[in-house]
Amino acid sequence: MKHRIIYIVMLFTLFGCKEMVECGDGILMTGTASNNLVKFPIDEQDMYTISVTSTACVESDVKVHIAIDTDLVEEYNRDMGTIFYPVPDEVCTLDNSDVVISAGQAVSSAETISILADKRDLLVEGRSYLLPVTILHVDAGLPVIESGRTIFLKLSKSVYFSAPYVGTTNTTKKFEFDNPAEPMTQYTWELKFKAENFKRNSANEPIRIGSWYNNMLRFGEGGASTNILEVYAGTEKKLIANTQFTPGVWYMLSVVNDGRTLTLYVNGEKDNSRTVSTDEYVFSYYDVGMTESLYQARQLFHGWCGGIRIWSRALSQREIKNNLCSVDPDAVGLEAYWPMNEGSGDVFRDMSPNQRHLVYEKEGVVEWTEVNNKCVE
């Protein structure tokens, strides 16, 4: 059915109604034929044009009633396994709740969704917002194609951030917590990084970017190329990334262990996976770099870190994709969230309620970039 809808809408665009045979299936929100989740880049535009489409030209005027329905966000989250928040009512407006498909046409008049500039501060940093616009009913009695009844507008914006350089032995450190997490059999470990280079500091030594309780991320292990990542979750739980990483590029790594499968996602896309046995993992410390004294310099990672998160549950791919730039500090299962975007000082603050801050005792240890790194939601 969806392929047929796409084909018909393309015919409208190329030939117009008079030159095609009417064989329609119903009414749907314009743009939902292949995917009803659509980005609304609010940094680039504060308005989004809404219309409805018939899969055939109508013989007489057809009025379609549409509305913003934030109650549908909960339903979407339940169906898709996501964690979106509804856009507060005060933040957006719909110019008119009625659109009309004129006789002989297939696409309706357009109405505008507007994001109010003076209310944008009501959007909480780190939350992903969804704005559903739905067809309530059609006056002419034409059927509504249910898969396209609602368009879900995902508010998208650019996040600019500073980042610490962690390529010195001064920043390599083990941070132990006074309040360790409960043992977990599932977890997600997320780390954003940019390499200055992938040069070995010592022959045959890998490059370690970080670790915690029997988990580590390291490059060039076992003689592999230094831009090849190994995910280590135990002696019999090693996973080699397919991605060949490039210096000067930001990457988000998401390591998900659900107790049966260990999976690596790179920038939200699945890279590799393998089966594993179930074990308990205790999150009681975090290592920036390789912290054993004889290996600090030999396994040093030259580059920047743009944030680390530890979860006590296995995130879905949809959740990972929705949170590439930031995350709600109060999200369920978030054990630690270090955005590492302070821009100055020698403390990486944990934004989760657990407050497991990473504190360097010496001043002036951390070097910061300008706020010129960009992440697009």
Check the hydrophobic clustering (I, L, V, M, F, W, Y; side-chain heavy atoms under 4.5 Å; chains of links allowed) and say if [X] and [Y] are grouped together.
X      : Y      : value
Trp368 : Ile308 : yes
Ile27  : Phe152 : no
Val73  : Tyr85  : no

Hydrogens and angles aside, do [X] and [Y] bring a side-chain donor and acceptor to less than 3.5 Å of each other?
X      : Y      : result
Ser162 : Asn341 : no
Thr30  : Thr53  : yes
Glu190 : Trp311 : yes
His65  : Asp98  : yes
Gln296 : Thr169 : no
Thr134 : Thr150 : yes

> Angle class for the Phe193/Phe198 ring planes (parallel below 30°, perpendicular above 60°, tilted otherwise)?
Replying inline: perpendicular
> With sequence neighbours left out, which residue pairs that include part of residues 324-377 fulfil the disulfide (SG to SG under 2.5 Å) condition?
Replying inline: Cys325-Cys375
Can you confirm whether [X] is buried at [atom1], in the sense that more than 12 heavy atoms of other residues, nucleotides or ligands lie under 6.0 Å from that atom?
X      : atom1 : result
Asn179 : CG    : yes
Met351 : CE    : no
Glu182 : CD    : no
Asp121 : CG    : yes
Lys63  : NZ    : no
Glu74  : CD    : no
Arg349 : CZ    : no

>> If you apply the rule side-chain contact (heavy atoms from CB on, under 4.5 Å), what do you find for Val62 with Asp139, and how did you get there?
In response: CA-CA 6 Å; Val62 175; Asp139 280 358; 5.9 Å; no
>> I need the single residue from Phe175, Phe177, Trp338, Trp212 that forms a ring-ring contact (aromatic ring centres under 6.0 Å, His included) with Tyr286. Which is it?
In response: Trp338
Indicate yes or no: does [X] engage [Y] in a salt bridge with an N to O separation below 4.0 Å.
X      : Y      : result
Lys321 : Glu269 : yes
Glu292 : Arg208 : no
Glu377 : Lys154 : no
Asp43  : Lys157 : no

>> Using the rule given for side-chain hydrogen bond (donor to acceptor under 3.5 Å, both in side chains), can you reason through Trp250 versus Asn373, listing the C-alpha separation, both sets of side-chain angles and the distance that settles it, and then say yes or no?
In response: CA-CA 9 Å; Trp250 281 105; Asn373 304 289; 3.1 Å; yes
> What residues, two or more places apart in sequence or in another chain, satisfy side-chain hydrogen bond (donor to acceptor under 3.5 Å, both in side chains) together with Asp89?
Replying inline: none
> His357 and Val347: which non-hydrogen atoms are nearest, and at how many Å?
Replying inline: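 Heavy atoms only, the tightest pair is CB-CG1, 4.3 Å.
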> Should Glu361 and Lys173 be marked as a salt bridge (charged side-chain N to carboxylate O under 4.0 Å, His left out) after you check the CA-CA gap, both sets of side-chain angles, and the distance that decides it?
Replying inline: CA-CA 11 Å; Glu361 288 78 13; Lys173 180 175 172 58; 3.2 Å; yes
